[in-house]
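So the structure is just underneath, and the comments pick up after that.
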There are 2 protein chains.
Amino acid sequence: MNDVHGRQGPETRKRILDAAEALFAENGLDATSMRMITGRAGVNLAAVNYHFGGKDGLIQEVFRRRLTELNRRRLAALEALQAEAGGAALRPSRIVKAFFGTALEMAADMDGGGARFLQLMGRTYTGPNEFVRNFLAEEYAECVDRFLTELYRALPDVPREEILWRFHFMMGATSYAIGGADALQLFTGEFDDRDPARLEPRLMSFLLGGLRGPLPEVVSPAARRSVA
Amino acid sequence: MNDVHGRQGPETRKRILDAAEALFAENGLDATSMRMITGRAGVNLAAVNYHFGGKDGLIQEVFRRRLTELNRRRLAALEALQAEAGGAALRPSRIVKAFFGTALEMAADMDGGGARFLQLMGRTYTGPNEFVRNFLAEEYAECVDRFLTELYRALPDVPREEILWRFHFMMGATSYAIGGADALQLFTGEFDDRDPARLEPRLMSFLLGGLRGPLPEVVSPAARRSVA
DNA sequence: CCGCCAATCAAACGCCCGTTTGAATCATAC
DNA sequence: GTATGATTCAAACGGGCGTTTGATTGGCGG
């Protein structure tokens with residue numbers, strides 16, 4: 001066995017990743033030092049550079065690990081819907097639920113660690129760190145693209161640009177839904193209903209309401225052509 | 001006049017605040033150093049500690065300056081609505097527009113600096129820095145409270161907790177709307193319609209759709225009392 | 001049994017951070 | 001004209017940062 005001696009194989013990597021994930025979520029990327037990470041993980045300081053090439057490599061791997069799994073589940077849910085529909089266009093509510101509901105599911109999973117990770121991801125996605133943002137976008141690209149394609153098909157009368165924006169708004173609402181229970185109670189004082197089982201229908205109602213909202217009147221002056 | 005010599009009064013304070021605001025928005029709070037700030041502002045490094053007591057004090061003042069103005073405009077808009085209604089309940093769409101539309105207005109104002117500041121604020125509000133989050137919540141408290149009260153009155157049939165959550169979701173969508181045009185184009189490649197004049201009706205349609213969405217079915221097991 | 005190599009370790013490296021210091025510089029009041 | 005008090009300034013402080021180094025460990029194939 002490999003429990004007491006130094007060389008303990010892939011165990012060290014996992015301990016570093018777990019510690020880093022928790023600390024990143026708690027303090028943010030910049031405010032979390034290598035010494036904090038290796039200290040909590042119980043490994044040597046140099047281990048991060050050895051296994052991940054540096055702090056940037058570690059950050060990337062922390063995100064990649066969970067994000068790959070999340071998007072795998074999302075695509076699985078989407079493919080299940082597609083199989084059920086047999087070529088017909090999907091219902092928008094199903095598509096939205098497959099994408100955002102899966103995130104909420106994952107936030108509830110993972111014995112509490114999932115919520116923290118998704119909270120971290122929501123922050124980072126709009127955060128200032130361009131390096132991580134670009135990396136996240138790349139990891140997201142294929143999954144988002146397939147969901148958007150399905151949404152376009154489900155809402156053929158809605159301009160694609162409009163769907164794109166609303167998808168973006170939905171991401172924002174979901175990000176706050178996952179990460180912001182703390183923020184919510186800040187301006188209310190008494191407030192403790194953070195049961196994730198109730199959060200899911202609450203968020204879905206809101207997202208679907210927003211998605212189905214009436215299209216805004218296009219008041220672009222360029223659109224008033226050929227009146228003369 | 002006081003332009004060439006050392007002692008130049010309140011000018012130094014403003015230069016520091018402006019430089020800090022821009023850099024905080026670009027790089028985040030942690031990743032912006034005092035030397036970057038004083039360098040861009042063209043003032044001595046020690047000036048920050050002299051005028052604001054330290055980096056924390058500077059951060060606080062950067063937020064306080066804009067947030068006070070934003071919430072002043074919001075409350076002015078709300079009071080205008082109340083005066084117009086003369087004691088009757090306000091229309092939800094008006095309330096939402098007074099709160100979130102004013103933010104979008106401010107984002108378009110201030111020769112481009114407004115968008116940056118609000119982007120920064122959206123990040124910070126859900127960010128990990130507890131010190132700033134608490135401060136923001138305090139600055140927000142009164143304004144949010146008065147808007148929520150008005151929303152409760154406008155939607156007497158909707159449980160307050162539900163309104164609270166949806167208000168929170170709206171904050172998330174708005175935060176992404178302001179800060180996330182860059183993020184949006186990341187998973188689409190071609191996408192450049194960031195005309196703020198079109199963003200406003202887009203966001204409002206979404207927010208109001210979400211606010212009016214059907215209430216989620218309450219499937220709480222505790223609600224099934226007294227069957228036996 | 002030995003050479004190999006992946007893995008771990010303690011220690012140090014250079015750099016930049018936020019803050020402090022104490023002198024220099026001015027406008028103003030007397 | 002000089003004392004005063006607010007402001008600016010160059011320089012330094014101690015400390016934490018991410019990274020690198022070079023030695024040490026220990027399982028494994030020859």
Side-chain angles (χ1 to χ4, degrees), chain A residues 1-24 26-63 124 127-132 135, chain B residues 1-24 26-63 124 127-132 135:
Chain A
M1 306 303 285
N2 54 8
D3 45 333
V4 287
H5 303 307
R7 164 109 167 253
Q8 61 206 66
E11 181 67 12
T12 298
R13 275 183 65 97
K14 182 172 178 350
R15 293 170 61 131
I16 293 175
L17 286 172
D18 290 341
E21 181 178 272
L23 287 168
F24 285 156
E26 277 175 38
N27 317 280
L29 263 34
D30 289 322
T32 300
S33 73
M34 309 262 293
R35 285 165 179 82
M36 292 163 71
I37 296 169
T38 52
R40 176 180 290 207
V43 304
N44 187 272
L45 171 60
V48 171
N49 289 276
Y50 178 78
H51 284 286
F52 303 97
K55 193 181 183 180
D56 282 359
L58 171 61
I59 293 174
Q60 227 164 303
E61 185 58 21
V62 163
F63 281 100
T124 314
N129 189 331
E130 194 171 339
F131 150 67
V132 191
F135 167 73
Chain B
M1 308 296 287
N2 54 8
D3 43 339
V4 287
H5 303 307
R7 164 108 171 252
Q8 59 207 65
E11 181 68 14
T12 298
R13 274 183 64 97
K14 182 173 174 354
R15 293 169 61 127
I16 293 175
L17 285 173
D18 290 341
E21 180 178 272
L23 287 168
F24 285 156
E26 278 176 37
N27 317 110
L29 263 34
D30 289 325
T32 300
S33 72
M34 309 260 291
R35 285 163 179 84
M36 292 163 68
I37 296 169
T38 53
R40 176 180 289 205
V43 304
N44 187 273
L45 171 60
V48 171
N49 288 276
Y50 178 78
H51 285 284
F52 302 96
K55 192 181 184 182
D56 282 359
L58 171 60
I59 292 174
Q60 229 166 301
E61 185 57 21
V62 164
F63 280 100
T124 313
N129 189 329
E130 195 171 338
F131 151 66
V132 190
F135 167 74

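Model, not experiment: these values are computed from the prediction. Sequence lines set the chain letters: A, B, ... in the order given, protein chains first and strands last, and positions in each chain run from 1. Excluded from the calculations below are hydrogen atoms, water molecules and symmetry mates; all remaining heavy atoms, backbone and side chain alike, are included.
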- Query: Taking OP1 and OP2 of C:dA6, is either one under 4.0 Å from a side-chain nitrogen or oxygen of A:His51?
  - Reply: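 Negative; the distance criterion is not met.
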
- Task: Establish, with yes or no, whether the OP1 or OP2 oxygen of D:dT7 is under 4.0 angstrom from a side-chain nitrogen or oxygen of B:Thr12.
- Result: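 So the side chain of B:Thr12 is outside the cut-off, no N or O lying under 4.0 Å from OP1 or OP2 of D:dT7.
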
Check the distance between [N]'s [atom2] and [X]'s [atom1] and give it to me in whole angstrom.
X: B:Leu23; N: C:dC17; atom1: CG; atom2: P; result: 12 Å
X: B:Arg15; N: D:dC9; atom1: CZ; atom2: C1'; result: 15 Å
X: B:Phe52; N: C:dT19; atom1: CZ; atom2: C1'; result: 16 Å
X: B:Asp56; N: C:dG18; atom1: CG; atom2: C1'; result: 10 Å
X: B:Tyr50; N: C:dA23; atom1: OH; atom2: C1'; result: 15 Å

Any N/O pairs under 3.5 Å between the protein and nucleotides 16-18 of chain D? List them or say none.
residue : atom : partner : partner atom : Å
D:dC17  : OP1  : A:Ser33 : OG           : 3.0
D:dG18  : OP1  : A:Lys55 : NZ           : 2.8
D:dG18  : OP2  : A:Met34 : N            : 2.7
D:dG18  : N7   : A:Arg35 : NH1          : 2.8
D:dG18  : O6   : A:Arg35 : NH2          : 2.8

Kindly indicate whether the side chain of [X], heavy atoms from C-beta on, has any atom under 4.5 Å from the side chain of [Y].
X: A:Val43; Y: A:Ile16; result: yes
X: A:Leu17; Y: A:Phe52; result: yes
X: B:Asn49; Y: B:Met34; result: yes

- side chain to side chain contact (heavy atoms under 4.5 Å, CB included) against B:Ala31, all qualifying residues, sequence neighbours excluded: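 B:Ala31 satisfies side chain to side chain contact (heavy atoms under 4.5 Å, CB included) with A:Asp30, B:Asn27 once adjacent residues are dropped.
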
- Item | Which nucleotide in D:dT8, C:dT20, C:dA7 has an atom nearest any side-chain atom of B:Asn44 |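 Ranking D:dT8, C:dT20, C:dA7 by closest atom to the B:Asn44 side chain puts D:dT8 first.
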
- With sequence neighbours excluded, give me every salt bridge (charged side-chain N to carboxylate O under 4.0 Å, His left out) pair touching residues 44-60 of chain A.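 Residue pairs passing salt bridge (charged side-chain N to carboxylate O under 4.0 Å, His left out), neighbours aside: none found.
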
- Just checking A:Ala47: base, sugar-phosphate only, or nothing, at a heavy-atom cut-off of under 4.0 Å?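 No contact.
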
- B:Arg40 and B:Glu26 ion-paired at < 4.0 Å: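 Looking at B:Glu26 together with B:Arg40, the answer is yes, because their closest N to O distance falls below 4.0 Å.
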
